[in-house]
Structure formats: C-alpha cells, structure tokens
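Taking it in order: structure first as structure tokens, then the write-up.
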Amino acid sequence: MSNIAGRVREAFRGDQRVDADALIARLDAVRRFLTAVDGLLPDSDLVPAHTLVERAGTRLALSRDHTVVALAGATGSGKSSLFNALAQLELSPVGVRRPTTGVTHACVWGPLEGANHLLDWIGVLPRHRFVRESALDADDETALHGLILLDLPDFDSVQRSHRLEVDRLLGLVDQVVWVVDPQKYADRVIHDSYLREFHRHRDVTLVVLNQADRLPPAEVPRVLDDLRRLLDTDGQTGVPLLATTALDPAGMVGLRDALERTVAERQAALRRLAGDVDTVVAGLDALVGSARPAGGPDDAAINGLNRALAGAAGVPAVTEAVERAYRHRAGAATGWPVVRGWRRLRPDPLRRLHLPGPAGDQADPAESLVAATSVPDPTAAQRSALGLAIRAVADRAAADLPAAWPGAVTSAARSRLGDLPDALDRTIAGTDLGLDRRPLWWRIVGGVQWLVTLAAVVGLGWLVLGYALRALGLPALDNPMVGQVPLPTVLLLGGLLAGLLVAALTRPVVRWAARRARARADQRLTARVAQVGDEYVLTPVRIVLGSYAQARDALRDAARR
C-alpha cells in the first residue's frame, strides 16, 4: 500500500498566495456593488453577494489561526474512517450499509478554547467537538495545530436534513476533501451537484480515492486516471488527487502531508473566500456586463418630453391667454380715456386662469388653497403623449444596458409621475409671464390720447358755451377761425378724428406686440417646464445610470485578483 501511496501522491496545489488586504478590497468592492444596486435589481439575484459579504466578514473576524477542513462524501465512502484515522481516535461512528454520520463531528488540533467561536459560527454542537491533544503524542501532532477537521453527514442520505446540513456547511468551511470510493467514484450526484459547482474553488479542493486497498494494485492507476478525466470534465483541472486507505497508516501519508501543508500556509480561508468572490462576481457579471453607461437620454427624447410636459401643463392655453391679456391691457392703456373704464370692467384673461393679472390685482388667498391655477386639465391624448415621452426617455437612456437595468430605468423615470401635475401647476403659477412692466410706448400713446381727448372736450365745451350765450340773448363769443372753420369746431372734430386715427394706427402694433409677448411667455414657460421634467424625470434616470456606473466599476474592482 505504501507503493500505491507513493505512486499516486500529487503535490498539493495552491502555491499562489492570496493577499489578505487585496481580498478585503475585493469584498469591499462587492459591498459597494450592493450599495449601488440597492432597490434597483431583484433581491433574488443579489442573495449570493449578500451572503458572501456577511459570511466573509464574520470568517475574517474570527480566528485566522485555524483552518477548517471538511471531509465530504457519499454513504459508504469511508470518510468517517478517514476522520478517525487522522485523529487516531474513534470519534465518529462508522457504518457500511446505511448513512451513519447524521450530525457533524469536529476534531481540533490544539487548544479547543481558541476554536470555540469558530465552531459556534459553523454550528457544530459542543458535545460533538473533540480535541486532539495527548501528552503521549509529544510533538507528533504539532504540524496540525490549528486544524479543525469536520466529518460531514452523507450528502446522499435518505434524510433530506442531512443534505441540507452538508450544503450549509460547504458554504462555511475553508477547504473540502471529497472522499470517493472505487465503486461510486463516478456517481453523477457528486460530480453534477457538487464538484462541478465548486470549480472556482479548485485551490481549496482535494479529492481522495478511499479504500484503494480494495482494488488490485494494477487497477489503481487506471481508476485514478478515469477519475482525473471526470474531474477535468467538472472543471476541477489540477486539483490534488490521492489514493488513501484508513486501514494502513502508509495509505494516509499523502492526505496528512496535504493537511499539514494547508495548516502551515494559513491560506485556506483566504483562498476559499477568494473563490467565493470569483463565484459571486461571475454570477453578477450578467447583471452588469461591459456596457459603458450613457450620460442620459438623447436630445430628441428630451425635446419630446418637454413638448409633452408643455402640453400636459396647459402651456398653449396659457400663452393664448397671455396674448389676449396683452391686447386687453394695451387697449386699456392706449385707448380713449372715455372707454378705458368700460374695458377695465372686463375680466383680465389671465385672471380667469388664476394667473397674475394686472399689477396689484392678486388672486383671492382662499382660492389659492384650492388650486394653484385654473389651467384646463390635460386631455387623455396629452396624458398618453406624456406617458409615451417618458417611456421614450427611459428606452433611449437604457438602450445599451444589460437586460436587468431597463426596468429599473423605466421605474425611475416614472417614479415621480404622480407628483408631476402639482409641480407643473406650481411652475405655471410661479412663472413670470413678462406682463408686469408697462411698455413706454403705451404711456406715450396713452398721453397722446389724453391730449386729443382733452382738445375735443375743450372744443365741445367752447361750442356749448357759445350756444348757451346765444340762447340767453347775451353777446356771443368771438371764436377764432382756422381758415373757414371756427377753432372750437376744429378742436372737437380734430380731437375725435385724431383719437380714431391713433387707435387705428395702434391696433396692428398691439397685435404684433401681443404675438411677441405670447412667444416670450411660451419660451419662459417651456424652459420652466423643462426644469420640472429634468427634476422629476431626467434626474431619477441619471441617478440610476450613475448607480449602474458605480456597480460596473465596483464589480470590475471585485474581479481583480
């Protein structure tokens, strides 16, 4: 048997050391990834990453002087016999025909006190913990001081609880020794469900063909070669493969040497966690991919959003009211003084919308508690156009992102949709429409109208006074003449005609100026509405894109070894 052990012994792999600080940096990168995607990606996709961060933090905080090695195998593989042979004590019950190991047993080389916290975290009951210390051993076991060897339940047990316990413990231990026997070394369960899934943990994996003494010596190499082929298929290329037998101490030499080297290096925990990070990063890579995030939606989508917001906010109705209000106010300022009072009796078009009316004309405070404005509610078509515009913004922004992100971008774009109506209403109500200042030409024309009106009034009064004197038989006034026409008549008719002429000349100017005021108001309202769209739609989208960029960079850092 010693010849067999010497023939199949392989150098234990793991020459490449894992730097603890670099590993901690990778774990911190995974933590940053989780922070970046919190609330954006499905929680079910992030469970492995959360588990890794929690387990890794706890494992690194516990003893780094101990190495936890698990013996895992199927029923009848002889792992409990190996466990007892390594401990040189009968610690774990041995069976052949049925699963015997129902609970995990632990053997600690060195003082038990230093390993208790680690065993508490792993979940080994105190009554199943044993210490491999004896005065009779002298220094024979010193090379294994710091080793915590676990004998796991059989993973193919008929009791489902055993399988669940094995799966739980395999996620916690530092190194796994897979024990197979000549009869079932090709069993699909161990290869498909375990070895293939652990291909990123090759640095902390060891496979032993136990009970090799049951094979003819000439058959051992052939079985080992076939097992190596299966391991290569599982992605376990290069893992150490040993032949062992618990009945012959010489058949345990290779396994014991491998464990001694593992203990001496104090690298198993770090390598295991590094493999865990590799596994998690590989699983998260599909969520992030290699796409470089865009800065946001393109100009076409933003312009479409601004148009839809303007329509939903009632900007066309407001700008039309601005044009009518300008004409109304200009007419009141430049029209005949006689009819100005009549114009003032007509309500200002902006006042009807609860928008700022003429200077000093403020809305009733009680009304402002009900609604900021009375702009008509958006129609179904306008609401639909707004929804499509928001969807277009999200689609353009997420066009190059992996499949997991467009939904998050769309949700972000619609996240404040319920707040948009009030925000738009407040924006419309608070926008300076440019009608507070009275243009200088209004005052000039208004002054001219007052002068011609005063001339007409003076002429009329002069004529009335002359007729009254003649009616009373008093001497008539000597009316100056302008050509053949008396001056009072010239004043009256000239004032009236001049007023009509000024009004006729002013009217097209007022219409032109009103259109300019409408365009100016449209520009201001559109700019303010665009600010609302930026705050309520574009900013949440940019936040998600920024989170994607952070997640992408964090995962890239986590992948660096």
Side-chain angles (χ1 to χ4, degrees), residues 14-61 171 174 196-205 235-238 267-298 394-413 538-561:
D15 294 331
Q16 190 176 15
R17 297 185 64 83
V18 176
D19 182 74
D21 292 336
L23 175 61
I24 291 174
R26 295 181 69 197
L27 290 169
D28 183 66
V30 175
R31 190 178 293 108
R32 286 190 285 113
F33 174 90
L34 292 173
T35 300
V37 304
D38 184 33
L40 300 177
L41 299 183
D43 292 337
S44 58
D45 295 334
L46 306 176
V47 170
H50 282 290
T51 302
L52 167 65
V53 170
E54 180 182 354
R55 286 182 177 178
T58 304
R59 179 62 184 93
L60 293 174
D174 302 329
R196 190 166 299 171
E197 295 297 323
F198 275 73
H199 69 278
R200 289 189 176 86
H201 294 86
R202 293 190 299 268
D203 291 347
V204 288
T205 298
Q236 296 285 355
T237 304
Q267 280 280 298
L270 299 179
R271 287 172 179 152
R272 169 58 196 264
L273 292 177
D276 288 342
V277 175
D278 291 340
T279 302
V280 167
V281 168
L284 296 176
D285 186 65
L287 300 178
V288 175
S290 58
R292 185 173 297 276
D298 55 27
D395 290 344
R396 300 285 181 84
D400 297 327
L401 299 184
W405 287 88
V409 175
T410 301
S411 297
L538 300 181
T539 295
V541 168
R542 293 191 187 105
I543 290 175
V544 174
L545 295 179
S547 297
Y548 169 79
Q550 294 173 7
R552 178 175 171 270
D553 293 342
L555 198 63
R556 181 185 58 197
D557 293 340
R560 293 174 179 170
R561 299 198 63 172

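We number each residue from 1, following the sequence as shown.
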Worksheet item: Below 4.0 angstrom, N of the basic side chain to O of the carboxylate: do D557 and R32 qualify?
Response: yes
Worksheet entry | Residues R396, D298: salt bridge by 4.0 Å N-O rule | yes
Worksheet, complete the sentence: Sequence neighbours excluded, the answer for side chain to side chain contact (heavy atoms under 4.5 Å, CB included) partners of D553 is R556
Any donor-acceptor N/O pair, [X] side chain to [Y] backbone, under 3.5 Å:
X: Q550; Y: F33; answer: no
X: Y548; Y: L401; answer: no
X: Q236; Y: F198; answer: yes

Taking the side chain as every heavy atom from C-beta outward, state whether [X] and [Y] have any atom pair closer than 4.5 Å.
X: D45; Y: L287; answer: yes
X: L555; Y: V281; answer: yes
X: V47; Y: T51; answer: yes
X: L40; Y: W405; answer: yes
X: D43; Y: H50; answer: no
X: V37; Y: S547; answer: no

Where [X] and [Y] come nearest, the two heavy atoms and their spacing:
X: V18; Y: Q267; result: N-OE1, 2.5 Å
X: H201; Y: G275; result: NE2-C, 3.4 Å
X: P406; Y: A398; result: CA-CB, 3.8 Å
X: A286; Y: P402; result: O-CB, 3.9 Å
X: L34; Y: A49; result: CD2-CB, 3.6 Å
X: A282; Y: R200; result: CB-NH2, 3.2 Å

Spacing of [atom1] belonging to [X] relative to [atom2] belonging to [Y], to within rounding of 0.5 Å:
X: I543; Y: L538; atom1: CD1; atom2: CG; result: 11.0 Å
X: L270; Y: I24; atom1: CG; atom2: CD1; result: 8.5 Å
X: D38; Y: L46; atom1: CG; atom2: CG; result: 8.5 Å
X: R26; Y: L52; atom1: CZ; atom2: CG; result: 9.5 Å
X: T279; Y: L273; atom1: OG1; atom2: CG; result: 11.0 Å
X: D276; Y: R55; atom1: CG; atom2: CZ; result: 8.0 Å

Worksheet item: Step by step, would you call D174 with R59 a side-chain contact (heavy atoms from CB on, under 4.5 Å)?
Response: CA-CA 9 Å; D174 302 329; R59 179 62 184 93; 2.8 Å; yes
